[in-house]
> 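The structure is given below, and queries will be raised subsequently.
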Amino acid sequence: MTLFSDRNRILGTENAFKIGPHIVTVESRGTPVIKLNLGEPDFSAPPWVKDEVVRQIEMDNSHYCDPKGILPLRTAIADQINRTRGLDVTPDHVCVFPGGKPSIGFAQQIYCDPGDEIIYPSPGFPIYESFIRYIGAVPVPLHLPEDQNFTFTPEQLATLITGRTKLIILNFPSNPTGGAATRDQLEAIAAVIQDRCGEDVRIYSDEIYENIIFDGQSHFSIASVPGMSRRTIISSGMSKSFAWTGGRVGYAVMPTPEEAEAFKNLNINYFSCVPPYNQEGAREALMNPQSEPWMAEMANTFERRRDVIQAQLNAIHGITCQKPGGAFYLFPNIAGLCQRLGVFEAFNSLPAETKATTSPSKLFQMFALYEHHVAVMDRKSFGEIGADELHFLRLSIAADMDTLEEGIRRIGAAGEDVAGFERFMDAGEHLS
Ligand code: PLP
């Protein structure tokens with residue numbers, strides 16, 4: 001008998017929450033860290049949202065409420081989805097969660113039995129992969145090539161679909177790459193799904209970055225392709241669109257009310273309901289006419305930063321960086337930098353048990369943090385399966401321009417610091 005279940009031992013995690021203690025350690029030595037690791041906008045939630053939450057609390061709206069989500073919010077969500085995706089859903093199709101995250105694991109639990117296969121993007125939001133084995137399903141990573149700006153072709157998807165495929169996860173614009181698929185691409189992907197998948201295969205379309213899109217493009221959902229809404233779960237929420245990660249309000253729109261009821265039942269089993277005062281704040285966010293221009297301004301700010309920072313990254317010897325079409329991340333390839341700095345040699349000479357806990361991009365991430373005081377995320381934080389030969393970092397551009405430019409300067413300096421990297425490896429601490 002062991003304390004922890006087998007299932008618990010294989011549950012993955014989101015490393016963005018695990019790097020915090022390392023940053024605290026570095027800063028406790030007296031050096032401030034430039035934090036490019038954060039997955040949340042550096043804006044405050046709009047005042048009309050905050051005012052509504054305060055007003056609701058003062059009205060004592062702080063009791064249990066509908067586990068599916070309060071009707072005024074589900075109505076506002078259905079209206080917004082119908083307006084932006086050209087659909088005809090009702091509030092019965094909607095379920096509200098504490099953030100965009102819970103419906104990822106819930107969808108896996110609701111639709112998949114042990115042995116069923118789940119196709120998900122890699123690199124991708126880590127929770128897609130971390131949950132799959134936990135529920136006994138089989139992870140099938142869909143690797144997103146850098147030379148297609150981290151989108152994928154219908155042919156690539158077709159090769160992964162089998163008779164056991166039960167769930168296909170999509171995420172555009174993407175965390176961690178910012179990749180955004182075009183309408184044409186999504187139509188071609190939908191055609192493959194309609195051709196190869198039975199009616200019970202579900203598409204989980206994570207659209208949480210729907211309002212952070214660049215270059216004059218607008219968001220297009222695969223659910224808008226004719227015939228796809230009856231297979232697609234659209235997931236979104238307040239965290240990114242309204243810079244309100246702490247409000248913990250997300251939602252999903254299901255193909256049928258029966259499916260929304262299944263999600264509701266998991267809500268009841270796990271947490272009963274989402275705080276009603278925050279749900280009223282979310283309703284205000286969706287309905288207030290000031291919200292659209294507010295979100296557009298935030299997206300413009302991210303776009304300006306993207307242009308400057310992507311160029312600066314590409315100017316660093318050994319780094320290539322694609323131009324993301326949305327979200328607020330850059331995902332540079334650092335293979336050349338690792339080569340010059342001796343990271344691959346250092347990695348290859350580690351003892352097998354240490355090697356199993358780290359990777360070349362992880363070594364560079366930790367070196368950059370401990371010796372050059374800049375925090376970023378490594379490639380394997382966004383899907384481990386099949387990622388051994390892939391060497392990338394994720395940088396968040398959710399910081400002001402001076403901070404971002406200083407962060408890039410420090411990454412460049414770390415890339416030149418061959419002697420410092422040797423010393424770091426010799427010390428043998430913080431390698432994973
Ligand atoms: N989906 C993606 C792609 C994300 O990047 C995130 C957060 O980083 C989430 C879901 C979860 O968002 P939330 O904080 O609302 O749970």
Side-chain angles (χ1 to χ4, degrees), residues 12-20 35-43 45 49 69 73 77 95-108 118 120-132 141-142 144 150-151 167-181 203-213 219 221-222 232-253 263 266-267 270-271 274-275 278-279 281-282 285-286 295 302 324-331 376-377 381-383 394-398:
T13 192
E14 184 179 355
N15 283 341
F17 284 105
K18 286 179 78 184
I19 188 140
K35 301 178 192 71
L36 307 185
N37 57 306
L38 299 174
E40 61 179 345
D42 56 321
F43 291 77
V49 175
L73 175 58
I77 292 166
C95 191
V96 177
F97 307 99
K101 189 184 268 182
S103 62
I104 299 167
F106 284 1
Q108 299 186 9
I118 302 177
Y120 62 98
S122 180
F125 187 51
I127 302 308
Y128 306 148
E129 185 177 281
S130 76
F131 242 105
I132 296 176
L142 169 54
L144 307 179
F150 304 106
T151 62
L167 197 58
I168 300 174
I169 301 176
L170 303 180
N171 172 220
F172 294 119
S174 142
N175 176 10
T177 69
I203 313 308
Y204 180 94
S205 183
D206 185 339
E207 302 180 17
I208 198 151
Y209 295 95
E210 62 180 294
N211 291 301
I212 308 175
I213 302 250
H219 179 66
S221 170
I222 195 163
T232 306
I233 296 128
I234 303 170
S235 168
S236 192
M238 300 293 123
S239 295
K240 319 292 173 174
S241 293
F242 295 96
W244 195 26
T245 52
R248 309 310 303 141
V249 184
Y251 53 85
V253 181
F263 280 83
L266 280 182
N267 280 4
Y270 277 100
F271 46 77
V274 176
N278 282 348
Q279 293 194 58
L286 291 175
M295 289 187 292
F302 285 132
F328 44 82
Y329 309 107
L330 294 172
F331 202 66
V376 295
M377 301 303 298
S381 292
F382 303 99
R394 186 195 77 176
L395 276 65
S396 160
I397 50 170

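Because only heavy atoms are used, hydrogens play no part in the values below, and waters and symmetry mates are left out as well, while side chains stay in. For clarity, every value in this text was computed on a predicted model and none was experimentally measured. Each ligand, and each atom within it, is numbered from 1 in the order the structure gives.
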> Looking only at side chains, do S241 and Y209 share a donor and an acceptor under 3.5 Å apart?
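Short answer, no.
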> Going by atom types only, do N37 and R394 share a side-chain donor-acceptor pair under 3.5 Å?
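No pair is found: no donor N or O on one side chain lies under 3.5 Å from an acceptor on the other.
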> So which of M238, K101, E14 gets nearest to atom 11 (C) of ligand 1, if we judge by its closest heavy atom?
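The residue whose heavy atom sits nearest atom 11 (C) of ligand 1 is K101.
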> Do you see a donor-acceptor pair shorter than 3.5 Å between the side chains of Y251 and S235?
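No, S235 and Y251 have no side-chain donor paired with an acceptor closer than 3.5 Å.
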> T245 near ligand 1, heavy-atom distance under 4.0 Å?
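Flag not set, T245 not near ligand 1.
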> In ligand 1, which numbered atoms sit nearer than 4.0 Å to a non-hydrogen atom of G99?
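Those of ligand 1 that fall under 4.0 Å from G99 are 15 (O), 16 (O).
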> Compute the ring centroids of F150 and F331, then answer whether they are less than 6.0 Å apart.
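Between F331 and F150, which both carry aromatic rings, the centre distance is below 6.0 Å.
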> If you measure every N/O of D206 against every N/O of ligand 1, is any gap under 3.5 Å?
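Between D206 and ligand 1, an N or O pair is found under 3.5 Å apart.
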> Taking 4.0 angstrom as the limit and counting only heavy atoms of N175, give me the atoms of ligand 1 inside it, by number and element.
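In order of numbering, the contacting atoms are 3 (C), 4 (C), 5 (O), 8 (O).
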> Is the closest N or O pair between G100 and ligand 1 shorter than 3.5 Å?
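Looking only at distances, the answer is yes, because the N/O contact criterion of under 3.5 Å is met.
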> Please tell me if the side chains of S239 and R248 come closer than 4.5 Å, counting only heavy atoms from C-beta onward.
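A side-chain contact exists here, since the closest heavy-atom pair is under 4.5 Å.
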> Measure the acute angle between the ring planes of F106 and F97, then classify it against the limits of 30° and 60° as parallel, tilted or perpendicular.
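Because their plane-to-plane angle is over 60°, the rings of F106 and F97 count as perpendicular.
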> How far is atom 12 (O) of ligand 1 from the closest protein heavy atom, and which atom is that?
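Ranking protein heavy atoms by distance from atom 12 (O) of ligand 1, first comes I208 CD1, 3.5 Å.
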> I'd like to check whether S239 has a polar contact with ligand 1, where a contact means an N/O of the residue lying under 3.5 Å from an N/O of the ligand.
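N/O-N/O distance under 3.5 Å: yes.
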> Under 4.0 angstrom from ligand 1, any heavy atom of K240?
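Yes, that is the case, since the closest heavy atom of the residue is under 4.0 Å from the ligand.
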> Can you tell me if N171 and Y120 form a side-chain donor-acceptor pair at under 3.5 Å?
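Judged by distance alone, the side chains do not pair up.
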> Taking the non-hydrogen atoms of R248, is any one of them nearer than 4.0 angstrom to ligand 1?
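The answer is yes: ligand 1 sits under 4.0 Å from a heavy atom of R248.
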> Any side-chain donor-acceptor pair under 3.5 Å between E210 and S236?
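Indeed, the side chains of E210 and S236 share at least one donor-acceptor pair under 3.5 Å.
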> Give the single entry among Y209, W244, F97, Y128 that approaches atom 5 (O) of ligand 1 most closely by any heavy atom.
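Minimum heavy-atom distance to atom 5 (O) of ligand 1 goes to Y209.
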> Between N171 and ligand 1, does any nitrogen or oxygen pair lie at a separation below 3.5 Å?
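No, N171 has no N/O under 3.5 Å of an N/O on ligand 1.
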